[in-house]
Amino acid sequence: MSEKVDTRLSPRERLTRGLTYSAVGPVDVTRGVVGLGVQSAQSTASELRRRYREGRLAREIAAAQQTLAQELAAAQEVVATLPQVLQEARRSQRRSKKRVWVIAGAATVVVVAGGAVAFSIVRRSSRPEPSPRPPSVDVQPRP
């Protein structure tokens, strides 16, 4: 009788085995990828705990809170001036409709011209070049 030894594979070994064996491959690949993800998350969490203990993360959080407060104040200013900005935009929009049509027309002309140039290049390249050598058969039919 042989003994069965049930050894636990690490996620990296499981991923490697899953990629080499096709029968249990998808299961091992999935378990390996999930295991690597879990190990990565654990590693990140332990690093964050260490940084927090050092106080560096606490200072970064305080700085982020201060920055967030400044951004919130700036956003409140923008929201307060929004009605005025919208009125000005509506006024300028009435004047700029002609310019939009001119730009759209110019863009259309450029696209059509580009298409014509591309068509002529493709058409020219599809025609065979005349041979510099004389024809091997008589061109004039005999009566």
Side-chain angles (χ1 to χ4, degrees), residues 1-139 141:
M1 289 213 70
S2 65
E3 282 187 64
K4 276 193 170 179
V5 177
D6 188 21
T7 59
R8 299 199 69 158
L9 297 174
S10 73
R12 180 169 286 142
E13 292 169 335
R14 189 176 307 282
L15 179 62
T16 305
R17 188 179 83 174
L19 292 173
T20 55
Y21 296 99
S22 63
V24 291
V27 174
D28 275 345
V29 167
T30 304
R31 287 181 65 187
V33 168
V34 168
L36 286 174
V38 168
Q39 280 183 348
S40 174
Q42 288 173 343
S43 160
T44 302
S46 67
E47 176 66 19
L48 286 174
R49 277 192 300 268
R50 186 185 63 77
R51 285 179 58 199
Y52 190 80
R53 284 189 195 117
E54 290 176 359
R56 203 173 353 157
L57 186 60
R59 286 190 297 274
E60 289 175 6
I61 289 174
Q65 285 175 339
Q66 185 179 9
T67 304
L68 188 62
Q70 290 171 352
E71 292 294 325
L72 186 59
Q76 285 175 341
E77 275 185 44
V78 168
V79 169
T81 60
L82 192 60
Q84 182 183 0
V85 171
L86 286 175
Q87 283 179 347
E88 291 174 5
R90 285 183 187 133
R91 285 187 204 133
S92 68
Q93 189 178 23
R94 291 181 193 137
R95 295 183 207 139
S96 67
K97 284 190 177 184
K98 290 180 185 176
R99 194 167 92 189
V100 170
W101 281 106
V102 168
I103 291 172
T108 304
V109 167
V110 167
V111 167
V112 168
V117 168
F119 178 77
S120 67
I121 289 173
V122 168
R123 181 79 184 229
R124 218 178 279 148
S125 67
S126 66
R127 285 190 218 148
E129 293 288 327
S131 175
R133 296 169 51 194
S136 58
V137 232
D138 288 335
V139 179

All N/O donor-acceptor pairs, side-chain side in residues 63-81, below 3.5 Å, sequence neighbours left out:
{"residue": "Thr67", "atom": "OG1", "partner": "Ala63", "partner atom": "O", "Å": "2.9"}
{"residue": "Thr81", "atom": "OG1", "partner": "Glu77", "partner atom": "O", "Å": "3.2"}
{"residue": "Thr81", "atom": "OG1", "partner": "Val78", "partner atom": "O", "Å": "3.2"}

Does Ser40 use its side chain to pair, donor to acceptor, with the backbone of Leu36 at less than 3.5 Å?
no
Within residues 32-50 or reaching into it, pairs that qualify as salt bridge (Lys or Arg N to Asp or Glu O under 4.0 Å) - sequence neighbours excluded
Glu47-Arg50, Arg50-Glu54
Residues forming a side-chain contact (heavy atoms from CB on, under 4.5 Å) with Ser10, sequence neighbours excluded
Arg12, Glu13
